[in-house]
Amino acid sequence: MPTKIEKDAISGRETTGHEWDGLQELDTPAPKWWLYTFIACIIFAVVYMALFPAIPYGRDYTRGLLNMSSRVAVDDDVKALEAQRAVFMDKIKTTPIEQVKDDPQLLAVATAAGRIAFANNCQPCHGAGGAGRTGYPSLADDTWLWGGTLADIQQTITHGIRSGDDKARGSAMPGFGINSLLNAAQIDAVADYVWGAFYGHAVAGQDLSKGQAVFAENCAVCHGANGEGGRTVGAPPLKSAIHLYGDARETIVAQVTNPRLGVMPAWEKKTNTTGLDEATIKSVAIYVHALGGGE
Ligand code: HEC
Ligand code: HEC
């Protein structure tokens, strides 16, 4: 308890009466600006608590007079967006793929949906942006095994290649070596010819005519007389800088001996848990077509 109220001689303020070894405690009030700010904060808090969700009780909380909830607002936004997207995806499903491409609004939705579906389903094999890697063709260049129109791509994705699907694309390059259709010397000769004449490597001191004859007799039917490839059977162009299985001579020998026969899964939705729905397949086809090589 203060015993006596005195005024400090230097500041003129009242003291609290506390004193320690000659040091006196002054009774200086809080500054006015501080006090007003403090009161304003209290008023703000009370108004805020009345208007907005604020005080938790049990499993609930006070809703506030404005009845505002950012969670509900986000839910509503997401629902509205999904509904909008569903309308577009339904439209994509029922519109022929060429017309989807020509409708700017549908094209934008399809491209966005296609990009996501590609990243989730195709990227593991075909690489980011469809860049491809050995055994998995690039989808971004203009070399196509089976065709690069929207309809071709949609067909490939829907039914796959050697996938076991009834309508899958399929063909089998014969195993010339393992089935003894060609002997080792003939395989060597045709590999020299393909590597030299089509892949563009110098084959030193070799006469390619023997290999050329083997090629004309055994390979041209699928790969074309000039190695231009054959799309009806998915035979890659050999006269090209792009090679599905790489540029080395050994890969040609290996392929002729025992072909790899790449498999691409079918994506048509057959059950609720597998595959992609029709609108998504169209969207992916449109995305792939736009990667750079679309025809
Ligand atoms: C398990 C690996 C794998 C997955 C996953 C995969 N692909 Fe393929 N895809 C392949 C292989 C292998 C080939 C080449 C087959 C061949 O030798 O003809 C191919 C070929 C293709 C072709 C034909 C290319 C051409 O030149 O004609 C297209 C188009 C294609 N894939 C698109 C897709 C899309 C789109 C997806 C995702 C929905 C996808 N692929 C998923 C392995 C895969
Ligand atoms: C029935 C058609 C057919 C015949 C005949 C055929 N091929 Fe093929 N060839 C294909 C197909 C389809 C592929 C790609 C499929 C796969 O193996 O993944 C291919 C792939 C290749 C490749 C790999 C190309 C690359 O881009 O990496 C080489 C090389 C090749 N064939 C060479 C030959 C030679 C040489 C002969 C003749 C001795 C021959 N093929 C006969 C269909 C054929």
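Each ligand, and each atom within it, is numbered from 1 in the order the structure gives. All of these numbers come straight from a predicted model, not from anything done at the bench. Side chains included, hydrogens not; waters and symmetry mates left out as well; all remaining heavy atoms used.
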Next item on the list: Kindly confirm or rule out an N or O of His243 lying under 3.5 angstrom from an N or O of ligand 2.
Entry: no

Check: Hey, which atoms in ligand 1 end up nearer than 4.0 Å to a heavy atom of Gly147?
Finding: 27 (O)

Margin query: Tell me whether atom 8 (Fe) of ligand 2 has Gln255 as a neighbour, meaning an N, O or S atom of it below 2.8 Å.
Written below: no

Next item on the list: Pick one of side chain, backbone, both or neither for how Leu238 approaches ligand 2, counting any non-hydrogen atom pair under 4.0 Å.
Entry: side chain

Note to self: I need the atoms of ligand 1 closer than 4.0 Å to a non-hydrogen atom of Ile157, numbered in the order shown.
What the structure shows: 35 (C)

Margin query: Among all the protein's non-hydrogen atoms, which is closest to atom 33 (C) of ligand 2, and how far away is it?
Written below: Met173 CE, 3.3 Å

Notebook entry, point to check: What protein heavy atom is closest to atom 18 (O) of ligand 1, reported as residue, atom name and distance in Å?
Noted result: Trp146 NE1, 3.1 Å

Check: What distance do His289 atom NE2 and Leu139 atom CG have between them, rounded to the nearest 0.5 Å?
Finding: 12.5 Å

Next item on the list: State, yes or no, whether a side-chain contact exists between Leu26 and Ser11 at a heavy-atom distance under 4.5 Å.
Entry: yes

Note to self: Counting only heavy atoms closer than 4.0 Å, does ligand 1 sit against the backbone of Pro265, its side chain, both, or neither?
What the structure shows: side chain

Check: What is the distance from atom CD1 of Ile153 to atom OG1 of Thr158, rounded to the nearest 0.5 Å?
Finding: 11.5 Å

Check: With a cut-off of 4.0 Å, which atoms of ligand 2 are near a heavy atom of Gly262?
Finding: 16 (C), 18 (O)

Notebook entry, point to check: Is there a donor-acceptor contact under 3.5 Å from the side chain of Ser163 to the main chain of His159?
Noted result: yes

Next item on the list: Among all protein heavy atoms, pick out the one at the shortest distance from atom 22 (C) of ligand 1; state its residue, atom name and that distance to 0.1 Å.
Entry: Thr156 CG2, 3.6 Å

Check: Around atom CZ of Arg85, are there more than 12 heavy atoms of other residues, nucleotides or ligands at under 6.0 Å?
Finding: no

Check: In the protein, which heavy atom is nearest to atom 26 (O) of ligand 1, and how far is it?
Finding: Leu145 N, 2.7 Å

Notebook entry, point to check: Which residue holds the protein heavy atom closest to atom 35 (C) of ligand 2, what is that atom called, and what is the gap in Å?
Noted result: Val256 CG2, 3.4 Å

Item checked: Pair Tyr136 and Tyr245, ring centroids less than 6.0 Å apart -> no

Note to self: Just to be sure I read this right, does ligand 2 sit under 4.0 Å from the backbone of Leu244, its side chain, both, or neither, counting only heavy atoms?
What the structure shows: both

Margin query: Would Ser171 count as a polar contact of ligand 2, with the cut-off being nitrogen or oxygen pairs under 3.5 Å?
Written below: no

Next item on the list: Considering only non-hydrogen protein atoms, determine which one is nearest to atom 40 (N) of ligand 2 and report residue, atom name and distance to 0.1 Å.
Entry: His223 NE2, 2.8 Å

Next item on the list: Could you list the atoms of ligand 1 found under 4.0 angstrom from a heavy atom of Gly135?
Entry: 12 (C)

Notebook entry, point to check: Looking only at protein heavy atoms, which one is nearest to atom 16 (C) of ligand 1, and how far off is it?
Noted result: Arg162 NH1, 3.7 Å

Checklist line | Pairwise distance CD1(Ile157) to NZ(Lys282) - rounded to 0.5 angstrom | finding: 12.5 Å

Next item on the list: Take every heavy atom of Pro124, measure it against each atom of ligand 1, and state whether any distance is under 4.0 Å.
Entry: no

Next item on the list: Could you say whether the N/O atoms of Gly234 and ligand 1 ever approach to under 3.5 Å?
Entry: no

Check: Heavy atoms only: which of Pro137, Ala235, Gly293 is nearest to atom 14 (C) of ligand 1?
Finding: Pro137

Margin query: Any atom of ligand 2 sitting under 4.0 Å from a heavy atom of Ala172?
Written below: yes

Notebook entry, point to check: Roughly how far, to the nearest 0.5 Å, is the OG1 atom of Thr251 from the OH atom of Tyr199?
Noted result: 5.5 Å

Check: Is Cys219 close enough to atom 8 (Fe) of ligand 2 to have an N, O or S atom under 2.8 Å?
Finding: no

Check: Should one rank Cys222, Ala216, Pro236 by closest heavy-atom distance to atom 11 (C) of ligand 2, which comes out on top?
Finding: Pro236

Margin query: With a 4.5 Å cut-off on side-chain heavy atoms, are Arg169 and Thr156 touching?
Written below: yes

Margin query: Among all protein heavy atoms in this structure, tell me which lies nearest to atom 41 (C) of ligand 2, with the distance rounded to 0.1 Å.
Written below: Phe176 CE1, 3.5 Å

Margin query: I'd like to check which ligand 1 atoms, numbered from 1 as shown, lie under 4.0 Å from a non-hydrogen atom of Val284.
Written below: 35 (C)

Checklist line | Ligand-residue contact atoms, ligand 1 with Tyr136, heavy atoms, under 4.0 Å | finding: 2 (C), 12 (C), 42 (C)

Margin query: Exactly one of His223, Glu228, His243 should register a side chain to side chain contact (heavy atoms under 4.5 Å, CB included) with Leu238. Which one does?
Written below: His223

Item checked: Enumerated ligand 1 atoms positioned under 4.0 Å from heavy atoms of Ile161 -> 15 (C), 18 (O), 20 (C)

Note to self: Rounded at 0.5 Å granularity, tell me how far NE2 in His126 sits from CG in Leu291.
What the structure shows: 11.0 Å

Checklist line | Contact check: Met264 to atom 8 (Fe) of ligand 1, N/O/S below 2.8 Å | finding: yes

Margin query: Working to the nearest 0.5 angstrom, can you tell me the gap between Lys91 NZ and Leu106 CG?
Written below: 5.5 Å

Next item on the list: Answer side chain, backbone, both or neither: which part of Pro174 comes under 4.0 Å from ligand 2, heavy atoms only.
Entry: side chain

Checklist line | atom 3 (C) of ligand 1: nearest protein contact (heavy atom, Å) | finding: Cys125 SG, 2.7 Å

Notebook entry, point to check: To which protein heavy atom is atom 27 (O) of ligand 2 closest, and what is the distance rounded to 0.1 Å?
Noted result: Tyr245 N, 2.8 Å

Next item on the list: Identify which of Asp247, Asn218, Thr143 has a heavy atom lying nearest to atom 5 (C) of ligand 2.
Entry: Asn218

Margin query: If you compare all heavy atoms of Trp146 against all heavy atoms of Thr232, which two are closest, and at what distance to 0.1 Å?
Written below: CZ3-O, 3.8 Å

Notebook entry, point to check: Hey, are Glu25 and Thr16 close enough side-chain-wise for a donor-acceptor pair under 3.5 Å?
Noted result: yes

Checklist line | Identity of the nearest option to atom 38 (C) of ligand 1, non-hydrogen atoms only, from Gly114, Ser163, Gly229, Cys122 | finding: Cys122

Note to self: I'd like to know if the side chain of Thr271 pairs up with that of Thr274 as donor and acceptor (distance under 3.5 Å, no hydrogens or angles considered).
What the structure shows: yes

Margin query: Quick one about His201 and Asp247 (side-chain donor to acceptor, distance below 3.5 Å, no hydrogens or angles considered), yes or no?
Written below: yes

Item checked: Aromatic plane relationship, Trp34 with Phe38 - under 30° parallel, 30 to 60° tilted, over 60° perpendicular -> parallel

Margin query: Does atom CD1 (Ile178) have a neighbourhood of more than 12 heavy atoms from anything else shown, all under 6.0 Å?
Written below: yes

Next item on the list: Answer yes or no: is there a side-chain heavy-atom contact under 4.5 Å between Leu145 and Arg231?
Entry: no

Checklist line | contact_flag Tyr199 ligand 2 heavy-atom lt 4.0 Å | finding: yes

Notebook entry, point to check: Do the charged groups of Asp192 and Lys210 touch, with an N to O distance under 4.0 Å?
Noted result: no

Check: For ligand 2, which atoms sit closer than 4.0 Å to a heavy atom of Val233?
Finding: 12 (C)

Notebook entry, point to check: Which heavy atom of Lys239 sits nearest a heavy atom of Ala197, and at what distance?
Noted result: NZ-O, 3.6 Å

Margin query: Among all protein heavy atoms in this structure, tell me which lies nearest to atom 28 (C) of ligand 1, with the distance rounded to 0.1 Å.
Written below: Leu139 CD2, 3.6 Å

Margin query: Please determine whether His126 has a backbone or side-chain N, O or S atom lying under 2.8 Å from atom 8 (Fe) of ligand 1.
Written below: yes

Checklist line | Interfacing atoms of ligand 2 (cut-off 4.0 Å, heavy-atom, Leu261) | finding: 16 (C), 17 (O), 18 (O)

